[in-house]
> 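If you scroll down you'll find the structure; I have some questions about it.
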Amino acid sequence: MKRFLKLALILTLGLFFVACNEATLEGFTKTGKAGGLTITYSSAKPLVIGDNRIDVKISENGKLITDATKVELKVFMPEMPGMPYMENKKLLAPKGDIYSGNINFSMGGTWQVKIFIDRGGKKYKYSSSVIL
């Protein structure tokens with residue numbers, strides 16, 4: 001009986017660590033609207049404190065947009081008691097059908113995300129948030 005319990009414990013712990021490891025391999029994706037555009041921002045890895053590569057896809061009526069003249073990503077955390085306002089901005093570079101860049105989250109918590117897009121003389125703004 002002790003041998004069975006020991007084996008069950010080992011298997012349970014093994015499955016737990018495999019599940020935790022798989023969870024850390026999953027990336028991050030969020031989608032929303034800005035005017036008539038659909039904005040999807042993602043990371044191949046989970047978001048962490050420090051540098052994160054963020055990819056932004058922009059589509060209109062299901063067709064990917066590659067002609068934006070400017071795509072800027074801004075993350076910020078509002079001022080709180082005992083903590084100053086924090087912000088990081090990045091002009092994203094076009095790479096095929098995505099706009100990509102590294103952004104830094106300096107601490108854990110809820111970060112506000114703004115994506116500003118200039119396209120065809122129009123300006124679009126997408127607002128979201130992420131929790132680290």
Side-chain angles (χ1 to χ4, degrees):
M1 183 67 168
K2 286 183 183 181
R3 192 175 193 181
F4 173 75
L5 289 175
K6 194 183 279 189
L7 180 61
L9 177 63
I10 290 170
L11 287 173
T12 302
L13 286 174
L15 288 173
F16 173 77
F17 287 115
V18 167
C20 287
N21 188 33
E22 285 181 13
T24 61
L25 295 177
E26 286 184 22
F28 165 83
T29 302
K30 253 188 176 177
T31 300
K33 293 281 194 181
L37 302 179
T38 300
I39 313 299
T40 300
Y41 68 105
S42 63
S43 175
K45 299 177 182 176
L47 298 177
V48 296
I49 297 169
D51 287 336
N52 295 269
R53 179 186 161 152
I54 303 291
D55 296 327
V56 175
K57 286 187 178 183
I58 306 166
S59 61
E60 185 174 43
N61 300 320
K63 182 181 178 210
L64 286 174
I65 301 299
T66 58
D67 63 350
T69 54
K70 181 180 175 184
V71 178
E72 183 179 46
L73 175 66
K74 173 182 165 182
V75 298
F76 65 96
M77 186 179 285
E79 180 180 351
M80 292 183 246
M83 189 178 74
Y85 173 83
M86 289 178 273
E87 174 181 288
N88 194 339
K89 286 191 228 179
K90 181 72 173 192
L91 188 60
L92 302 181
K95 293 184 179 179
D97 60 357
I98 65 169
Y99 299 85
S100 185
N102 287 330
I103 199 81
N104 186 283
F105 295 101
S106 57
M107 67 177 286
T110 302
W111 287 84
Q112 302 304 308
V113 177
K114 304 278 186 202
I115 300 173
F116 303 96
I117 301 161
D118 292 353
R119 178 177 181 250
K122 293 183 181 179
K123 296 184 182 279
Y124 301 88
K125 180 174 82 172
Y126 170 70
S127 299
S128 181
S129 65
V130 294
I131 300 173
L132 270 76

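We use all heavy atoms of the structure for the numbers below, so side chains are in, but hydrogens, waters and symmetry mates are not. Computed from a prediction, not measured in an experiment: that's the story for all the values here. Residue indices begin at 1 and follow the sequence shown.
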> Asp67: which residues meet the salt bridge (charged side-chain N to carboxylate O under 4.0 Å, His left out) condition with it, sequence neighbours left out?
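For Asp67 the salt bridge (charged side-chain N to carboxylate O under 4.0 Å, His left out) partners, ignoring immediate neighbours, are Arg119.
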> Which heavy atom of Glu60 sits nearest to which heavy atom of Leu37, and what is that distance?
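Looking at all heavy atoms of both residues, the shortest contact is CB-CD2, 3.9 Å.
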> I'd like to know whether Thr66 forms a side chain to side chain donor-acceptor pair (under 3.5 Å) with Asp97, so could you lay out the CA-CA distance, the side-chain angles of the two residues, the decisive distance to 0.1 Å, and finally the verdict.
CA-CA 6 Å; Thr66 58; Asp97 60 357; over 6 Å; no
> Side-chain contact test, heavy atoms from C-beta onward, threshold under 4.5 Å: evaluate it for Val56 versus Tyr126 and give yes or no.
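They are not in contact (no side-chain heavy atoms under 4.5 Å apart), so the answer is no.
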> Just verifying a value: how many Å separate Asn52 CG and Leu132 CG, rounded to the nearest 0.5 Å?
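One finds 6.5 Å between CG of Asn52 and CG of Leu132.
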> Can you tell me how far CE of Met80 sits from CE of Met86, rounded to the nearest 0.5 angstrom?
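Those atoms lie 6.0 Å apart.
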> Do Tyr124 and Ile39 sit in one hydrophobic cluster, given that two such residues count as connected whenever their side-chain heavy atoms are within less than 4.5 Å of each other, even indirectly?
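Linked within one cluster.
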> So which residues get pulled into Ile98's cluster when ILVMFWY side chains under 4.5 Å apart are joined, directly or through others?
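None, because no other hydrophobic side chain comes under 4.5 Å of this residue.
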> Do Lys74's NZ or CZ and the ring of Phe76 fall within the cation-pi criteria of under 6.0 Å and 45°?
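The answer is yes, since Lys74 meets both limits relative to Phe76.
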> Would you call Asn88 and Trp111 a side-chain contact if the rule is heavy atoms closer than 4.5 Å?
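Asn88 vs Trp111: side chains apart.
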> Please tell me if the side chains of Ile117 and Lys123 come closer than 4.5 Å, counting only heavy atoms from C-beta onward.
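They are not in contact (no side-chain heavy atoms under 4.5 Å apart), so the answer is no.
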> Testing Asn102, Leu92, Leu47 one by one against Ile54 for a side-chain contact (heavy atoms from CB on, under 4.5 Å), which residue passes?
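It is Leu47; the other options fail the test.
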> Do Glu79 and Pro84 touch side chain to side chain, with heavy atoms closer than 4.5 Å?
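They are not in side-chain contact.
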> Measuring from Ser100:OG to Arg53:CZ, what's the distance to the nearest 0.5 Å?
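These two atoms lie 3.5 Å from each other.
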> With heavy-atom distances below 4.5 Å as the criterion, would you say the side chains of Ser59 and Leu64 are in contact?
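A side-chain contact under 4.5 Å exists here.
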> Any side-chain donor-acceptor pair under 3.5 Å between Lys30 and Ser42?
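Checked: Lys30/Ser42 side chains show no N/O donor-acceptor pair below 3.5 Å.
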> Taking only Lys NZ, Arg NE, NH1 and NH2, and the carboxylate oxygens of Asp or Glu, determine whether Lys57 and Asp55 approach each other closer than 4.0 Å.
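Looking at Asp55 together with Lys57, the answer is no, because their closest N to O distance does not fall below 4.0 Å.
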